[in-house]
Peer 1: 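Next up is a structure, given as structure tokens.
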Amino acid sequence: MENSNRNSDFHWESLYSVSNDQKYDIINRVHRLDGTEDEEVIESFRKEWDEVQTEGDDPSLVEKFEKAITRFHEKKERVTQSIEGKRALIAQANEIKDSDDFFKTAEAFKKLQADWRELGYSGKELNDPLWEEFSEVNDYFFNRRSEFFEEQNEKRAEAKELKEALIERAEGLQDSTDWFKTSKEQREMMDEWKEAGFASREVENALWERFNAARQVFYKAQEAFFKELREKEAVAKEKKLALIEETNELKDSLDFDTVRTRFDEMMEAWKEAGHSGRKHEEALWTKFREGRDHFYSRLSESSSQTREERRTEAFDKLNEINDKIDSLEDLNAAISAKLSQLENRPQDEQTIQEIAATHIYIEQNERNIDSLLAESRKLEKELDRL
């Protein structure tokens, strides 16, 4: 009887041990659940749990089993939220991956990455695929950004090289006195400078300072030249006004020989006086010419001239016309240089008006030159006849 009791006790202890081991196994398997399983899996575990129940089982295992189930549901909720959140982040990443605002968008991607880390695990089946999809979008954007900045660096290096070459050209031209040609080159170089692009924050200001310093040397010299030219024009104007006044005083004289000699001297003085400025030269010459023409008309009427006298007068007139042509051509060159200076200024309304007026004046001078050339050819034919 004693042996029978011992065998009975042994049997039940063994049974309890097996049942507990099975329950521990079930609890461990619940713990190992991924969080992506359906509720049917939990139901199957509950069914299995019920099947291994025996009297006298450790009651703490029930609590552990229920805690494992609760933990599974919490894990499932976290995994579900993680999956949904990561898919949303992938969608956001796709929306901005083609943006050209690289700085702002890179910050946005860093924020997405931080949010991704906070979402945690997404289950063994989706965790890695989701990360690979998200990483692919990240790589796409950051590769674009790298290519862009690499291209920008290449462009900046090229811009630096181009601008250094322009600086050398500007420094080579800074002492030029060919105002018209060099002003044109200065404008062309400025256009090339703008087209060259940005050469990086580290060197751009220094490059510009060197380039602009060379340009300013030229423009200050040009400004000084035209200032001196205007002063000379003012002196020439006063001299020519005096010659016009003397011409008007002498044009009705009867002392033809003396006045004719003086008129020749006055013509030389007129030439030596130089240009009086585009605003005055034409009108001054017209007044001077009127007095001379009046005198020579009277001289012609006063007596018949010999053939030699007529040739001499024709030669004088021809020389006078050639001098005028030379003067007008020199004037046009000076005005063209002034025009280039005006065109290099900021294009405000006053400057635009001055440029237009200067173009008109150059065209008028060219018409006057054409007229003088026609008169010159006429005189040459007359000389051939004489």
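Note that the structure is a prediction, hence the values are computed from the model and not measured. Throughout, numbering of the chain's residues begins at 1 and tracks the sequence.
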Peer 1: One thing to verify: whether Glu133 and Lys86 come together as a salt bridge, which I'm taking to mean a side-chain N less than 4.0 angstrom from a carboxylate O.
Peer 2: no
Peer 1: Would you say Val79 and Leu119 are hydrophobically clustered, going by side-chain heavy atoms of ILVMFWY under 4.5 Å?
Peer 2: yes
Peer 1: Taking only Lys NZ, Arg NE, NH1 and NH2, and the carboxylate oxygens of Asp or Glu, determine whether Glu249 and Arg262 approach each other closer than 4.0 Å.
Peer 2: no
Peer 1: Looking just at side-chain N and O atoms, do Asn205 and Glu209 make a donor-acceptor pair shorter than 3.5 Å?
Peer 2: no
Peer 1: Would you indicate whether Glu192, at its atom CD, is surrounded by more than 12 heavy atoms from other residues, nucleotides or ligands within a distance under 6.0 Å?
Peer 2: yes
Peer 1: Determine, for Lys237 against Glu233, whether the closest basic-nitrogen to carboxylate-oxygen distance falls under 4.0 angstrom.
Peer 2: no
Peer 1: Assess the side chains of Arg78 and Gln81: does a donor N or O sit below 3.5 Å from an acceptor N or O?
Peer 2: no
Peer 1: On the 0 to 90° scale, with breaks at 30° and 60°, tag the Phe226-Trp179 ring pair as parallel, tilted or perpendicular.
Peer 2: tilted
Peer 1: Test Thr358 against every option in Ile362, Ile355, Ile360 by the side-chain contact (heavy atoms from CB on, under 4.5 Å) rule and name the one that passes.
Peer 2: Ile362
Peer 1: To the nearest 0.5 Å, what is the distance between NZ on Lys160 and OG on Ser200?
Peer 2: 8.0 Å
Peer 1: Return the minimal non-hydrogen interatomic distance between Leu284 and Ser276, and the atom names on each side.
Peer 2: CD1-OG, 3.4 Å
Peer 1: In terms of heavy-atom contacts, does NZ of Lys97 have more than 12 from other residues, nucleotides or ligands at under 6.0 Å?
Peer 2: yes
Peer 1: Quick one: sort the Trp116 and Phe134 rings into parallel, tilted or perpendicular, breaks at 30° and 60°.
Peer 2: parallel
Peer 1: Is Glu125 atom CD crowded by more than 12 heavy atoms from other residues, nucleotides or ligands, each under 6.0 Å away?
Peer 2: no
Peer 1: Looking only at heavy atoms, what is the nearest atom pair of Thr105 and Ile96, with distance?
Peer 2: CG2-O, 3.5 Å
Peer 1: Taking Arg29 first and then Asp25, would you say they form a salt bridge - that is, a charged N and a carboxylate O separated by under 4.0 Å?
Peer 2: yes
Peer 1: Does atom CD (Glu136) have a neighbourhood of more than 12 heavy atoms from anything else shown, all under 6.0 Å?
Peer 2: no
Peer 1: Can you establish whether the number of heavy atoms outside Lys163 located under 6.0 Å from its atom NZ is more than 12?
Peer 2: yes
Peer 1: Could you tell me whether Glu223 and Lys227 have a side-chain N and a carboxylate O separated by less than 4.0 Å?
Peer 2: no
Peer 1: Check the pair Phe263, Leu250 against side chain to side chain contact (heavy atoms under 4.5 Å, CB included), reporting the backbone distance first and the verdict last.
Peer 2: CA-CA 9 Å; Phe263 270 15; Leu250 295 175; 4.0 Å; yes
Peer 1: Please identify which of these residues, Phe148, Phe142, Tyr140, meets the side-chain contact (heavy atoms from CB on, under 4.5 Å) condition with Arg144.
Peer 2: Tyr140
Peer 1: Show the atom names and distances, to 0.1 Å, of all donor-acceptor pairs under 3.5 Å that link a side chain in residues 106-114 to residues at least two apart or in another chain.
Peer 2:
| unit_1 | atom_1 | unit_2 | atom_2 | d |
| --- | --- | --- | --- | --- |
| Lys111 | NZ | Asp115 | OD1 | 3.0 |
| Lys111 | NZ | Asp115 | OD2 | 2.9 |
| Gln113 | NE2 | Asn138 | OD1 | 2.6 |

Peer 1: For Glu231, look at atom CD and say whether over 12 heavy atoms of other residues, nucleotides or ligands are found less than 6.0 Å away.
Peer 2: yes
Peer 1: Please determine whether a side-chain nitrogen of the Lys or Arg among Arg210 and Glu171 lies less than 4.0 Å from a carboxylate oxygen of the Asp or Glu.
Peer 2: yes
Peer 1: Of the non-hydrogen atoms in Tyr296 and Asp264, which two are nearest, and what is the gap between them?
Peer 2: OH-OD1, 3.7 Å
Peer 1: Are more than 12 heavy atoms from other residues, nucleotides or ligands located less than 6.0 Å from atom NZ of Lys287?
Peer 2: no
